[in-house]
Number of protein chains: 2
Amino acid sequence: MQKYSKQTRLLLAVDCIIFGFDGDTLKILLIKRGFQPEKGNWSLMGGFVQVDESLDQASNRILKQLTGLEGVYLEQLYTFGDVNRDPKERTVSTAYFALIDIHKYETQLSNDYHAEWFPLKRTPKLIFDQQEMVETAKKRIRYKAAIHPILFELLPGKFTLPQLQMLYESVYNTTIDKRNFSKRILATGLMIKLTEKDKTSSRRGAFYYQLNMKNYYAKFQSFLNFIPNPDSLLQAIY
Amino acid sequence: MQKYSKQTRLLLAVDCIIFGFDGDTLKILLIKRGFQPEKGNWSLMGGFVQVDESLDQASNRILKQLTGLEGVYLEQLYTFGDVNRDPKERTVSTAYFALIDIHKYETQLSNDYHAEWFPLKRTPKLIFDQQEMVETAKKRIRYKAAIHPILFELLPGKFTLPQLQMLYESVYNTTIDKRNFSKRILATGLMIKLTEKDKTSSRRGAFYYQLNMKNYYAKFQSFLNFIPNPDSLLQAIY
DNA sequence: TTTAACGGTGTACAAAATACACTATTAAAA
DNA sequence: TTTTAATAGTGTATTTTGTACACCGTTAAA
């Protein structure tokens, strides 16, 4: 079959906004760009879509190159197609965001790429329109996490209620009453209380929980309430 | 500045899922495809992204070609990038959905393209992966309309409460108690009651309302509740 | 044995969602 | 002219959900 011979072909890229949580602060992973233009400046991990791979495959490949991780939460965010977004050549870029357990991330691999975690409050200037991509990703996460349990993807398999609350407070830059928080969270039925305690951050120790995977998958698309007053928090600026 | 010489360039298309409401049923606008492959089969309105236009510009251009309408609600839906989605040549397509007032749509223009409205319950087979695009768009509309006032975009400037309720019932394939519906809707403060009545569908006549544009823009991103029990309705199948 | 730091829980009140049924209007028919 | 039929419009009681708020428990270290 012959091709669409008269049409212009364009460069198509994928850029990944990779989020991690260190127990205190929400962060994104950036690299020093290794080629022109903008060589040496901080950038999202990205690459061109190859002719034999889908967008999802491309984003997973790129994520694996930077973090060594596979099978993590990765979601298409938005496709950025302004004509001059890359000054070198017209390039359309589909942005994905990833939520990873920062502790599973292997530092050694990052060093190959000069990768570094930056708190969202203090990210360096990014190349092209990547600042807008990060803003879009932040908004999407805040929006989605108010209704759906995506933030669990940032935590290790075992986590405590105080850790979880820190995460929500960090994402929304707010404070939450811990009595109401635990009621709300436990009411979703998404978590299983373990008998083991985390004794690293208090004398008394906090019980570990893990996800109830069955309920997690079943309720992932439901409208749940993880955050009081989400409207007032969605626009929050770091 | 030289180009990214070693990279493969791909075809990039835009496809539009155009929704309309005729007072009774939610419909999408399809055309008979005029070129190979799949010439003569029903298809979404689409086209290739030109080198001098953004994705948003491309989708607006395509929408205008089919409907003659400009300035309507148009939102990027998702980018479909499977390797073999177009058998003729690797093509990545960014899908947009549009919500239009079906009465503003000019029939004459549609005839140039052999366009036709189809109820969502009875759409013909579509080419390539466009069935998946339509499914994704339906899900997105149901999801978003449960929380945000997007369905008003499908109605004329003046509309009645019974019309609005018909629209919601049609989108979610359900019935809603009219007392609770009007309370919920009016509580949003999005509508202004007019003194004029629509006498075409009942002896008594139903009051017209119009959008309070100030509140509409202000609250568009807020989490509102337009639908009782949305979880149970999101998967509804036509 | 005292202290300091964090973890865990319950109740009263307010707000929101839900279930539910009758009256109003008016053109057309009897 | 009266009746009928079809659609529009409204209110209340109950249940459910969300919110505000304060004290005791645990334990390692001082």
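Proteins get letters first, then strands, A, B, ... in listed order; numbering begins at 1 in each. Fair warning: this is a prediction, and the values are worked out from it, not measured in the lab.
Residue N225(B) places at least one side-chain N or O under 4.0 Å from the OP1 or OP2 atom of dA17(C). In this structure, R179(A) does not reach the dG7(C) phosphate: none of its side-chain N or O atoms is under 4.0 Å from OP1 or OP2.
Listed here is the closest heavy atom pair of E169(A) and I176(A): OE2-N, 2.8 Å. H114(B) approaches W42(B) most closely through the heavy-atom pair O-CZ3, 3.5 Å.
The distance between atom CG of D177(A) and atom C1' of dT19(D), rounded to the nearest whole Å, is 9 Å. Atom CZ in F226(A) sits roughly 16 Å away from atom C1' in dT17(D) (whole-Å rounding). Distance NZ (K199(A)) to P (dG8(C)): 11 Å, rounded to an integer number of Å. L164(B) places its CG atom 15 Å from the C1' atom of dA8(D), with the value rounded to the nearest Å. Spacing between atom CD of Q165(A) and atom C1' of dC6(C) amounts to 12 Å, rounded to whole angstrom units. Atom pair K193(B):NZ and dT10(D):C1' shows a separation of 10 Å (rounding to whole Å applied). The CE-P distance, from M166(B) to dA6(D), rounds to 16 Å in whole Å.
At a cut-off of 3.5 angstrom, the base of dT7(D) holds no donor-acceptor pair with the side chain of K197(B). A donor and an acceptor atom sit less than 3.5 Å apart, one in the side chain of K178(B) and one in the base of dG9(D). One donor-acceptor pair, N or O on each side, does fall under 3.5 Å between the base of dA19(C) and the side chain of N180(B). Side-chain N/O atoms of R203(A) and base N/O atoms of dA5(C) include no donor-acceptor pair closer than 3.5 Å.
The S201(A) side chain lies nearest to dG7(C) when the options are dG7(C), dT18(C), dA22(D).
Looking only at atom types and distance, the side chain of S170(A) has no donor-acceptor partner in the side chain of T25(A) under 3.5 Å away. No side-chain donor from either of D56(A) and S54(A) sits under 3.5 Å from a side-chain acceptor of the other.
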